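This is the structure, below, for whatever I ask next.
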Protein chains: 2
Amino acid sequence: MSAPSDKSPESGPNDVPKAVVSRLSLYLRELQHLLHDGSRTTSSTQLGSLLGLTDAQVRKDLAYFGQFGHPGIGYHCDELVREIKQILGTNHPWPVALVGVGNLGRALLGHRGFSHQGFQVVAAFDVDPTKVGRKIIGIPVYGLDELPRVVKEKGIRLGIVAVPPTSAQEAADRLVAAGVDGVLNFASVTLTLPKNVSTVGVDLAMELEQLAFAVANRRE
Amino acid sequence: MSAPSDKSPESGPNDVPKAVVSRLSLYLRELQHLLHDGSRTTSSTQLGSLLGLTDAQVRKDLAYFGQFGHPGIGYHCDELVREIKQILGTNHPWPVALVGVGNLGRALLGHRGFSHQGFQVVAAFDVDPTKVGRKIIGIPVYGLDELPRVVKEKGIRLGIVAVPPTSAQEAADRLVAAGVDGVLNFASVTLTLPKNVSTVGVDLAMELEQLAFAVANRRE
DNA sequence: CTATGTGAAGTGTTTCACAGCC
DNA sequence: GGCTGTGAAACACTTCACATAG
């Protein structure tokens, strides 16, 4: 009985390192480019070198979820794309709510990359009454009090916070109260949310800081 | 002679884990909020719990760069802010070039968070001749052929790529050719650049994918 | 008593290297 | 020949726990 029988009684991914999941997105993106460029098949070596990773890393990452490769051949691009989408949950579309129709919010409303990966921003929300009731890029703008109704009606599970830092916590709270399960936060604050709600934070200034550090510390 | 004498002959940060640097940005942001809220001092315990980290982690991270704390007291917020800015290199402002004045580009031009952390977008570039020559939010838009001159004149070292994926590699190449040392890339492609140039990639759809995965795999 | 800084222990992730397969 | 999947080794990071300082 030396076998690790507690693998994962149900089909759930027992405990996958977060870094692995984020590389999964990278693999997916690269595979889609390869497909678009006419490749039907690829290998862990090719995929890795395109992304600056080792071949072993690519294989180990994918092995967390199953056996998708074909020895001697490699991976079929379309097959692997389907598998990864299945794992990430993007094999079917996600309706998304956006809170905050400012500069950044409007840019996100029109962002092609979202719909390309199966995310549809189907409703926007703002406190500004001059924006409420209008449509922007075909997407209706509601007042925040309509959040619960619209979230329910459209089956929305993901919300994007694109408001100023001072309003971000409240915006997130209202999204959660309306029934959203995950929040993508663009405000430069750490949100405090119930732990049954997932959060991803993107701070654009922080990204530039990381870049500045890297540049300032090159070569010694 | 058991001491690891090869610590770091010069003052350069020998090999700091990348995760540490990114938490440094987190500490900075939280310290600025604490200062704004009137705190003069904090502790590794407080800072950690605000960010969901252990106290030991906070202390270890900071210890990579020096001894900034006061036993029995904690850390002086303003002092630590100065130190972290010094480490990140944001104790003096960075002029930044932006390539691509589309939806996202315009949002980035007006992004308050950048200037708040010492980044000034001082020039924008686009291929569209109807945009060139105008000013957007006070920032002049140039043609791409003016990149080398403007980068040199304004002492720009960082560039932001906010163009469609198919043009991203070329935009980055031209930034690098113009003399930029670091690129923040918003296009959903992995850039191939000389290794003396630093890159940070932000893919908004990837962030939503990570969120979707987390939501789809809760509780099980 | 509070809080830092740090070696040592513990945990997690990546790389290695090879058996097995096409 | 080429390539995957995977235990085992190597490496990196985090947590523990305590000596030290105010």
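Quick note on labels: first sequence line is chain A, next is B, and so on, each numbered from 1. Here the structure is a predicted model, which means the values were calculated and not measured.
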| request: Flag the pair B:P194 / B:V176 as yes when at least one side-chain heavy-atom distance between them is below 4.5 Å, and no otherwise. | output: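 Answer yes - side chains close enough.
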| 5' to 3' contact window, DNA chain D with chain B (heavy-atom distance under 4.0 Å) |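 Contact span on the strand: D:dC13 to D:dG22.
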| message | Counting C-beta onward and ignoring hydrogens, is there a side-chain heavy-atom pair between B:L28 and B:K85 closer than 4.5 Å? | response |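 They are in contact (side-chain heavy atoms under 4.5 Å apart), so the answer is yes.
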| task | Look at the side chain of A:R23 and the backbone N and O of A:D61, then say whether any donor-acceptor pair between them is shorter than 3.5 Å. | result |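 Not a single qualifying donor-acceptor pair exists.
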| query | Are A:S25 and B:E209 linked by a side-chain donor-acceptor pair shorter than 3.5 Å? | reply |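 Yes - a donor-acceptor pair under 3.5 Å links their side chains.
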| Is a donor on one side and an acceptor on the other found under 3.5 Å between the side chain of A:N185 and the backbone of A:V189? |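 Pair found, side chain donor or acceptor close to backbone of A:V189.
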| said: Near DNA chain D, counting only heavy atoms under 4.0 Å, which residues of residues 19-44 of chain A show up? | reply: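 When residues 19-44 of chain A is checked for heavy atoms under 4.0 Å from DNA chain D, the hits, listed by number, are A:S43, A:S44.
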| message | Below 4.0 Å from chain B heavy atoms, what is the first contacting nucleotide of DNA chain C and what is the last? | response |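 Boundary nucleotides touching chain B, in 5' to 3' order, are C:dT2 to C:dA8.
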| query | If you look at every heavy atom in A:L175 and A:A97, which pair is closest and at what distance? | reply |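 Scanning both residues, the minimum pair turns out to be CD2-CB, 4.3 Å.
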| field | Within 6.0 angstrom of B:K18 NZ, more than 12 heavy atoms from elsewhere | value |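 Incorrect, the count does not exceed 12.
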| message | Show the nearest heavy-atom pair for residues B:I84 and B:L24, with the distance to one decimal. | response |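 Heavy atoms of B:I84 and B:L24 come nearest at CG2-O, 3.7 Å.
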| task | Would you mind telling me which residue lines up with the more 5' stretch of DNA chain C, B:L62 or A:R59, judged by nearest nucleotide? | result |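 Residue closer to the 5' terminus by nearest nucleotide: B:L62.
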| Can you name the residues that form a side-chain contact (heavy atoms from CB on, under 4.5 Å) with B:L35, not counting sequence neighbours? |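 If we apply the side-chain contact (heavy atoms from CB on, under 4.5 Å) test to B:L35, skipping adjacent residues, the hits are B:C77, B:D78, B:V81.
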Going by atom type alone, with no hydrogens or angles, which donor-acceptor pairs under 3.5 Å involve a side-chain atom of residues 100-115 of chain B and a protein atom two or more places apart or on another chain?
unit_1: B:R106; atom_1: NH1; unit_2: B:V101; atom_2: O; d: 3.3
unit_1: B:S115; atom_1: OG; unit_2: B:R112; atom_2: O; d: 3.1

| request: Strictly below 4.0 Å, heavy-atom distances to any atom of DNA chain C: list the hits from residues 47-57 of chain B, or just say none. | output: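 Close to the strand, none.
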| message | Given 3.5 Å as the limit, does a donor-acceptor pair link the side chain of A:W94 with the main chain of A:G89, or not? | response |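 Pair found, side chain donor or acceptor close to backbone of A:G89.
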| request: Nearest-nucleotide wise, let me know which of A:G69 and B:G72 is further upstream toward the 5' end of DNA chain D. | output: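 Closest to the 5' end, via its nearest nucleotide, is A:G69.
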| query | Between B:S188 and A:R29, is any side-chain donor less than 3.5 angstrom from a side-chain acceptor? | reply |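 The criterion, which ignores hydrogens and geometry beyond distance, is not satisfied for A:R29 and B:S188.
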| said: Quick one: does any side-chain atom of B:E30 pair with a main-chain N or O of B:L47 as donor and acceptor, under 3.5 Å? | reply: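 No; zero donor-acceptor contacts below 3.5 Å.
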